[in-house]
Number of protein chains: 2
Amino acid sequence: MVTMRDVAQAAGVSAATVSRVLSGSRRVNPELAARVLAAQDELGYRTNLLASGLRRQRTDTVGMVVPQVGNPYFSALMEAVGRRLQRVGITVLLVDAENDPDAEAEGLHRLLDRSIDGLLAVPVDEHASTAALTEAAERVHLVQLDRAAEGVPADLVAVDHLAGIRSAVDHLVARGCSDLAFVSAEPRDSTARERARAFDDAMRATGATARASAFGSYTVEWGRVAATRLVEGGRLPQAIVCGNDLIALGVLAVLGEAGVDVPGEVAVTGYDDIGFATLTAPALTTVRQPVDSLAEAAVDLLLGDGPGEDGPSVQRFVPKLIVRASTDPSAPVPHRRRVQERP
Amino acid sequence: MVTMRDVAQAAGVSAATVSRVLSGSRRVNPELAARVLAAQDELGYRTNLLASGLRRQRTDTVGMVVPQVGNPYFSALMEAVGRRLQRVGITVLLVDAENDPDAEAEGLHRLLDRSIDGLLAVPVDEHASTAALTEAAERVHLVQLDRAAEGVPADLVAVDHLAGIRSAVDHLVARGCSDLAFVSAEPRDSTARERARAFDDAMRATGATARASAFGSYTVEWGRVAATRLVEGGRLPQAIVCGNDLIALGVLAVLGEAGVDVPGEVAVTGYDDIGFATLTAPALTTVRQPVDSLAEAAVDLLLGDGPGEDGPSVQRFVPKLIVRASTDPSAPVPHRRRVQERP
DNA sequence: CTGTTAGCGCTTTCAA
DNA sequence: TTGAAAGCGCTAACAG
């Protein structure tokens with residue numbers, strides 16, 4: 001391994017000078033600097049970030065924990081966050097919680113033990129994630145993203161799901177649907193709880209009738225199961241409001257296989273607007289989450305000073321309903337040559 | 001920050017003893033050990049992995065670089081690798097190359113500078129990735145996964161695309177298709193090149209006729225564009241062989257919008273078998289890549305000794321054709337309650 | 001079995 | 001402006 005001392009020796013200067021040249025922390029005689037850079041190039045020297053981090057007590061590294069890497073919504077979030085942080089020279093250490101609070105807790109420890117400068121977390125569970133995140137918040141600047149865990153003293157950047165679900169329901173009601181079913185994930189995380197609550201509120205506000213809500217997980221498979229039950233149950237609702245797009249994809253697949261006309265017999269809405277939402281037949285009407293805005297706000301908070309005297313802040317972004325054919329036969333067909341949208 | 005010395009002091013022992021107890025590296029008087037553990041618990045001490053890594057010259061951390069986090073095939077690979085490494089107590093640092101060799105090179109440096117113990121790479125470009133990966137191979141144990149870059153002295157774990165494409169073509173020909181079109185990515189990475197080559201070979205071997213192959217990128221959007229051209233070109237081929245599933249999804253969407261009957265008028269095959277392949281209408285016939293086997297083999301190599309005297313090894317897995325409705329109207333409809341397959 | 005000591009590679013005082 | 005020296009927190013070698 002080539003060390004800074006090697007470079008110093010080759011350049012005929014002290015290690016301190018090499019450090020100064022490479023970090024730009026102080027003015028150095030241009031001639032010496034040139035020798036240092038030449039020596040570095042010659043030897044192929046690279047700074048050892050372990051040693052540098054240990055000494056500086058900063059690593060220019062932040063951690064990010066997401067519930068599931070394979071969920072396209074989270075990968076979009078990861079991409080958006082990664083791009084933003086790369087720009088300011090910060091590396092992201094990614095941890096997949098595998099939808100399991102224990103794996104999440106272990107992942108958090110792995111990150112913290114590596115002396116990260118900050119942490120972005122999308123908590124798996126509103127309650128089960130609290131302990132590990134609270135501990136994390138004590139050790140490092142933490143920002144919660146997309147979801148919150150109960151009682152964690154950290155800023156939150158999230159989406160206004162009340163508005164999101166409401167926009168979907170309003171749209172459906174305006175199109176004449178009055179008999180709705182809600183299919184979503186068990187309200188173990190804050191988004192699932194808020195969306196469920198929002199659906200109930202919207203029912204009351206619009207006077208529409210709701211079937212008993214069906215709660216499972218944010219997966220295609222659950223969408224399939226729930227839709228199968230509805231199909232086999234006989235009388236279909238006029239619309240199925242899904243808690244996320246994966247569920248909606250499963251629902252659409254089953255309805256398609258069963259020969260149910262969408263949106264003629266049943267309208268379907270999703271939530272997230274993942275890339276695949278334009279690919280179903282019919283294309284999926286969905287609530288688009290502002291991934292870039294979320295990532296930007298979260299990163300800004302993370303690079304900022306942290307919660308002030310008046311406690312953690314909460315930032316909510318209002319999502320936008322994207323109307324497609326699954327609720328509206330007259331919705332524009334995705335233009336064939338248009339670049340695929342990726343919110 | 002609470003350090004090992006604090007724990008030592010609280011337990012009335014030396015730092016060395018604390019280190020021994022926590023790492024289990026040597027026998028320690030049980031009574032002292034108990035005091036150490038109590039003190040650790042009391043103070044909430046956690047080992048500083050920066051310091052530990054610096055001293056031990058090992059970090060129990062490996063890096064992984066993938067072309068694009070958002071591509072479901074790669075996220076499946078990431079998940080499989082992550083699960084395997086977690087089991088042996090190794091943390092994965094993930095870097096997204098954003099399909100850009102420059103970003104990839106920078107990401108590689110970020111990883112190497114963090115003293116990773118090993119590196120798993122899926123090279124973005126067969127040639128443009130060579131320099132950075134060769135340099136990486138000199139600094140750390142490198143294993144190439146899924147794709148190879150030309151001339152990099154590192155083991156490779158990949159898929160036998162000759163067999164994969166051949167199985168798709170044979171299936172189509174057996175079903176009576178003799179006029180085929182190949183739609184894939186520009187052969188800038190090894191998989192794209194090998195699949196293109198395999199398609200040509202298969203044409204010769206089976207005597208089927210091929211349209212001029214259309215090369216773009218491994219994206220839904222390129223699938224849309226290419227399919228639009230075919231549709232507008234007039235006489236459609238009897239089958240479209242796609243270089244990956246994303247392309248196939250785009251192709252299916254356009255054919256669907258154009259009212260073309262699949263597989264009646266045109267059969268379509270994909271490659272990868274991502275989760276969404278079961279969700280299209282019709283469901284997609286595709287070549288399933290053995291993600292778990294790839295991950296297992298790559299991790300085993302990474303944890304092993306590296307290339308021996310006789311140069312880098314190459315391990316090829318034979319993928320399996322999964323026949324669904326996009327090539328065969330009599331193919332079994334995905335069972336409604338079956339757990340979603342994720343290769 | 002335990003403690004003392006040295007040093008991983010770097011940055012940052014402090015003196016010159 | 002530059003260099004010498006100390007030390008970030010940990011572990012391995014060496015004594016005892």
Side-chain angles (χ1 to χ4, degrees), chain A residues 1-37 39-40 43-61 89 91 109-110 112-117 139-140, chain B residues 1-37 39-40 43-61 89 91 109-110 112-117 139-140:
Chain A
M1 164 172 283
V2 179
T3 74
M4 190 172 268
R5 287 184 46 151
D6 299 327
V7 177
Q9 219 149 25
V13 297
S14 72
T17 298
V18 175
S19 176
R20 287 167 188 141
V21 171
L22 298 185
S23 72
S25 61
R26 286 169 150 294
R27 280 207 65 74
V28 170
N29 183 323
E31 183 160 342
L32 292 192
R35 293 222 305 268
V36 167
L37 292 173
Q40 169 187 37
L43 301 177
Y45 169 75
R46 305 226 95 223
T47 307
N48 180 328
L49 260 28
L50 248 43
S52 166
L54 178 60
R55 176 65 234 236
R56 290 191 303 140
Q57 302 287 69
R58 297 190 66 241
T59 54
D60 298 323
T61 299
T91 299
H109 278 141
R110 289 181 129 90
L112 292 173
D113 293 350
R114 282 182 166 70
S115 311
I116 51 176
D117 295 337
R139 304 227 274 140
V140 75
Chain B
M1 162 172 285
V2 64
T3 75
M4 190 173 268
R5 287 185 45 152
D6 299 327
V7 177
Q9 219 149 25
V13 298
S14 73
T17 298
V18 175
S19 176
R20 286 167 190 142
V21 171
L22 299 186
S23 72
S25 62
R26 286 170 150 292
R27 280 205 64 74
V28 169
N29 183 321
E31 182 161 342
L32 292 192
R35 292 221 307 265
V36 167
L37 292 173
Q40 170 188 36
L43 301 177
Y45 169 76
R46 306 226 95 223
T47 305
N48 180 330
L49 261 27
L50 250 42
S52 166
L54 178 60
R55 176 66 234 235
R56 290 191 303 139
Q57 302 287 69
R58 297 189 66 242
T59 54
D60 298 323
T61 299
T91 300
H109 277 141
R110 290 183 128 92
L112 293 172
D113 294 351
R114 282 182 166 70
S115 311
I116 50 176
D117 296 336
R139 304 227 275 140
V140 77

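Letters A, B, ... are given to chains in the order of the sequence lines, protein chains preceding strands, and every chain is numbered from 1.
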Taking only N and O in the side chain of [X], is any of them less than 4.0 Å away from OP1 or OP2 of [N]?
X        : N       : result
Ser52(A) : dC10(C) : no
Asn29(B) : dT2(C)  : yes
Ser19(A) : dT11(C) : yes
Gln57(B) : dA12(D) : no
Thr3(B)  : dG9(D)  : no
Thr17(A) : dG3(D)  : yes

Exercise. Please figure out whether Ser25(A) or Leu32(B) has its closest DNA chain C nucleotide nearer the 5' end.
Key: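 First, find each residue's nearest nucleotide; the 5'-ward one identifies Leu32(B).
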
Which nucleotide wins on minimum distance to the side chain of [X], given the candidates [options]?
X        : options                 : result
Ala16(A) : dG3(D), dC1(C), dC10(D) : dG3(D)
Ser14(A) : dA4(D), dG3(C), dC10(C) : dA4(D)
Ala15(B) : dA4(D), dT11(D), dC8(D) : dT11(D)

Using whole Å, report how far [atom1] of [X] lies from [atom2] of [N].
X         : N       : atom1 : atom2 : answer
Leu22(A)  : dC10(C) : CG    : P     : 9 Å
Asp113(A) : dC10(D) : CG    : C1'   : 13 Å
Arg5(B)   : dG3(C)  : CZ    : P     : 14 Å
Arg56(A)  : dA6(D)  : CZ    : P     : 23 Å
Arg26(A)  : dT13(C) : CZ    : P     : 8 Å
Arg114(B) : dC10(C) : CZ    : P     : 14 Å
Met4(B)   : dA12(D) : CE    : C1'   : 12 Å
Arg55(A)  : dT12(C) : CZ    : P     : 6 Å

Quiz prompt | Pair of N/O donor and acceptor under 3.5 Å linking dG3(C) base with Arg20(B) side chain | solution = yes

Self-check item: Arg35(B) (side chain) donor-acceptor with Glu31(B) (main chain) under 3.5 angstrom
Solution: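 Looks like no, no N/O pair under 3.5 Å.
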
Practice problem: Could you tell me whether the side chain of Ser25(A) and the main chain of Ser23(A) form a donor-acceptor pair under 3.5 Å? | Solution: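 Not confirmed, Ser25(A) side chain does not pair with Ser23(A) backbone.
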
Exercise. Considering non-hydrogen atoms only, spot the tightest contact between Ala15(A) and Ala8(A) and give its length.
Key: N-CB, 3.6 Å

Quiz item: Hey, which of these two, Leu54(A) or Val28(A), hits DNA chain D nearer its 5' end, going by closest nucleotide?
Solution: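 With Leu54(A) and Val28(A) compared, the 5'-side residue is Val28(A).
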
Exercise. Start with the C-alpha distance between Leu54(B) and Thr59(B), add both sets of side-chain angles, then the distance that settles side-chain contact (heavy atoms from CB on, under 4.5 Å), and finish with yes or no.
Key: CA-CA 8 Å; Leu54(B) 178 60; Thr59(B) 54; over 6 Å; no

Quiz item: Just how far is it from atom CG of Asp113(A) to atom CG of Asp60(B), taken to the nearest 0.5 Å?
Solution: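 That separation rounds to 12.0 Å.
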
